[in-house]
Amino acid sequence: MVNRFPGFGQEEMMDGMGHGSDSEAIVRSIRHPASFAVVFDRHFDAIHAYLQRRAGPDLADELAAQTLAVAFDRRARYDPAHPDARPWLFGIATNLLARHRRQEIRQLRAFSKTGVDPVLDQLDGVEARLDASARRRELAETLARLAPEELDVLLLYAWADLSYAEMAQALEVPIGTVRSRLSRARGHVRELLEPDRASSK
Amino acid sequence: MSANCSSPIGQVASRDVNPTNRQMPMNEIELTRELRADLPSARANSRDAARAVLLEKIERAEGKASGRKARKRRLPGMRLIHRPRLLAAAAGVLALAVAMPILLLGGTEEGVQSAAAKVLRKVADIAAVQTPEAPGAGQYLFTRSREAHLEYSVREGGRVAARDRRRFRQIWHTHGAMRQHPWWYFVPEERQTWIGPDGSGWSRSVSGRATFLSAGQRAAWVAAGSPSLPRAGRVSIQRIGRFRGQRLALSRLVRLATDPHTLRMWIEAHDQKASLSTAGTTSVASPPVAQGQARTFAMIGALLQNATAPPALRAALYEVASELPGVQLLGAVRDPIGRKGIGVAYTGHRHGERLELIFDPATSTLLGERWVLTSSRRSGIAAPAGTVIGYSAHLATRVVDSAQRPLRTRHDF
């Protein structure tokens with residue numbers, strides 16, 4: 001169910017490609033809540049895609065909706081110095097995902113052990129075949145063993161394409177912290193690529 | 001492994017590297033990107049559901065903001081009879097409706113319908129005892145409403161023609177075609193009517209700015225060369241209450257009013273086009289071409305919005321609605337402009353749309369109606385189920401003296 005309120009005073013909701021920046025829409029939405037819908041239209045897909053890749057479609061459905069809802073609740077606290085709301089939203093999504101870490105890790109481990117990825121399994125129309133790449137299965141195991149903050153930074157970087165500065169904003173940590181976490185995570189994954197490892201293909 | 005080796009900031013450029021290029025040594029970021037690459041995007045349902053969650057919150061936030069203003073704008077001219085029994089009945093209706101869960105998506109069919117029937121019968125009782133606003137000699141009954149319907153524009157032989165969905169739908173089903181037009185836009189209108197003691201009078205509509213049904217549809221419109229949209233501020237003044245010089249069918253309805261059964265048969269048999277366009281109703285969002293009960297339900301909505309409908313007729317209309325199988329109780333909902341009321345709905349499966357009527361349980365006033373898409377394929381509108389495709393909201397009713405009616409008449413029947 002979408003779009004219940006067309007017409008007077010709610011034009012922003014109709015024109016999802018509103019010309020203003022995210023921060024303009026968010027500031028306007030403090031007094032005119034309907035303006036926030038633009039933020040949903042612009043970013044929902046990216047948030048959902050990221051959450052789905054980490055935790056599967058069912059959890060993504062729930063958490064992506066929750067991310068935008070939480071963002072709406074917090075809109076008065078948004079720092080308008082950031083024209084792009086993407087890092088802010090990814091930060092919220094990451095925090096919400098943290099509550100489901102055990103499930104995320106369990107799925108990575110299951111893939112590593114069996115070669116069948118439970119995330120792919122949950123998707124309609126995607127065949128979760130046995131993944132022949134031993135290296136990918138080892139990657140899953142490595143990811144499962146990373147410290148939570150390292151995993152977050154690695155995947156925000158590799159899967160969501162956030163920059164260092166954006167990750168610092170999203171996770172509300174100094175940029176140096178982002179750098180060291182990413183570096184540690186990359187170091188662990190790099191070990192899988194070393195030529196003297198017997199299992200690399 | 002130290003933080004400095006082999007991962008300088010320059011690695012940001014690694015995003016541009018094609019991860020499937022096996023000639024280049026793979027780095028750890030590329031390897032990470034191999035995991036669960038190319039997943040499908042969110043299902044339409046999940047996006048819609050998430051948007052609904054957000055819209056619910058937006059709605060509540062707006063309701064809070066406007067709550068203070070809304071109290072001042074309470075419908076003038078509709079007097080309540082302040083008998084304790086009546087207030088208790090009103091509270092009972094509200095309590096009954098609120099206790100029901102939102103029934104659109106769950107609950108047994110029978111449970112849903114009988115709940116709706118109970119509520120509608122109670123509202124009929126309340127409608128029967130309202131004091132009507134009746135204009136005296138030289139006076140008018142003034143109403144104000146806001147509404148929006150869908151249109152699309154096409155180029156035809158070098159000119160741009162606007163197609164109103166209300167008529168388009170008729171043409172479609174005559175020809176059996178179910179083409180999906182790629183874009184639709186809303187044409188909102190502010191409408192005022194003045195109706196004299198004999199049931200005839202004038203209507204004045206001012207159109208607002210056309211707005212697209214979705215960003216995607218606007219993009220399709222742009223891609224088609226942006227055929228011109230109707231401009232805002234068009235004023236249309238029409239004579240109402242007379243059709244081809246004859247007094248309207250409403251007076252016939254009044255005579256039938258005491259018997260819901262006869263009233264229902266009359267509604268089902270009657271030529272709805274005449275009555276709706278001339279009855280001085282505020283409901284023009286979508287006249288019913290739907291067959292059978294969907295059409296009856298829509299007619300009930302239209303007639304309930306007629307400001308001159310006497311209490312007995314309004315009570316009978318609610319009774320007819322209570323006996324329609326398939327009417328669903330929505331419970332406590334908000335009308336198209338955010339006022340709280342009780343909603344009942346009927347889904348017209350043939351045309352893939354649902355009509356929601358929202359009334360004030362204390363006064364039986366119909367606050368507004370909303371047309372909601374239930375099937376893109378059947379309606380021919382490329383939008384997700386749940387999209388609002390038309391609405392109207394009643395704003396005011398009061399008796400005014402003759403000096404306030406418009407002097408110019410643009411159209412006459």
Side-chain angles (χ1 to χ4, degrees), chain A residues 1-8 11 14-17 31-34 36-37 40-41 44-45 48-49 52-53 57 60-61 64-66 68-69 72-73 117 119-120 123-126 133 135-136 139-140 143 154-155 157-159 161 163-164 179-180 182-184 186-187 189-193, chain B residues 1 3-4 6-7 9 12 15 25-29 31-36 39-43 45-55 57-59 61-62 65 146-148 185-186 188 190 208-209 211-216 218-219 336-338 370 372 383-388 391:
Chain A
M1 288 176 250
V2 297
N3 196 7
R4 293 184 163 209
F5 302 101
F8 297 88
E11 287 84 4
M14 303 303 294
D15 182 9
M17 301 302 197
R31 286 279 179 85
H32 304 282
F36 198 83
F40 180 100
D41 289 336
F44 176 83
D45 289 340
H48 187 278
Q52 179 174 259
R53 201 169 179 182
D61 288 351
Q66 226 181 315
L68 272 300
F72 178 77
D73 286 338
D117 189 346
V119 164
L120 296 185
L123 291 162
D124 315 317
V126 174
S133 162
R135 190 164 61 182
R136 268 203 288 274
L139 169 68
L143 295 181
L154 176 67
L155 297 183
Y157 185 79
W159 289 357
D161 292 323
S163 69
Y164 285 85
R179 228 174 255 147
S180 60
L182 182 60
S183 170
R184 287 198 303 275
R186 293 180 71 156
V189 176
R190 201 175 310 117
E191 286 170 16
L192 299 176
L193 291 168
Chain B
M1 191 129 336
N4 291 329
S6 76
S7 35
I9 298 298
V12 166
R15 279 178 212 159
M26 177 181 288
N27 71 21
E28 62 280 1
I29 296 299
L31 173 60
T32 305
R33 289 197 179 127
E34 276 190 8
L35 186 61
R36 297 169 184 161
L39 295 189
S41 47
R43 291 170 290 222
N45 299 356
S46 68
R47 196 176 206 275
D48 294 348
R51 211 169 195 275
V53 166
L54 177 63
L55 288 175
K57 295 180 79 72
I58 286 176
E59 192 182 341
E62 284 176 337
R146 193 176 285 171
E147 58 208 32
Y185 51 85
F186 276 102
E190 264 297 319
R209 191 163 76 86
T211 53
F212 284 91
L213 196 54
S214 71
R218 188 175 190 281
I337 60 171
R370 194 187 276 128
V372 179
T387 307
V388 174
Y391 72 87

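So that the names make sense, note that chain A is the first sequence line, chain B the second, and so on, each numbered from 1. Because the structure is a prediction, the values reported are computed rather than measured.
For the atom pair A:L139 CG and B:E28 CD, the distance stands at 11.0 Å (nearest 0.5 Å). To the nearest 0.5 Å, atom CZ of residue A:R190 and atom CD1 of residue B:I29 are 8.5 Å apart. In this structure, CG in A:L154 is found 4.5 Å from OG1 in B:T32, a value given to the nearest 0.5 Å.
Chain B forms more heavy-atom pairs under 4.5 Å with one residue of A:L143, A:L68, A:D73 than with any other, namely A:D73.
Residues satisfying the ring-ring contact (aromatic ring centres under 6.0 Å, His included) criterion with A:F44, sequence neighbours excluded, are A:F40, A:H48.
Here the side chains of B:R47 and A:D41 are in contact, with some heavy-atom distance below 4.5 Å. Between B:R43 and A:L123, the closest side-chain pair of non-hydrogen atoms is not below 4.5 Å.
Both the backbone and the side chain of A:A158 come within contact range of chain B, each with at least one heavy atom under 4.5 Å from a heavy atom of that chain.
Checked by atom type and distance alone, the side chain of A:R53 pairs as donor or acceptor with a backbone atom of B:L35 at under 3.5 Å.
Between A:D61 and B:S46 the shortest heavy-atom distance is OD1-CB, 3.1 Å. Residues A:A37 and B:R51 approach most closely at CB-NH2, 3.9 Å, considering heavy atoms.
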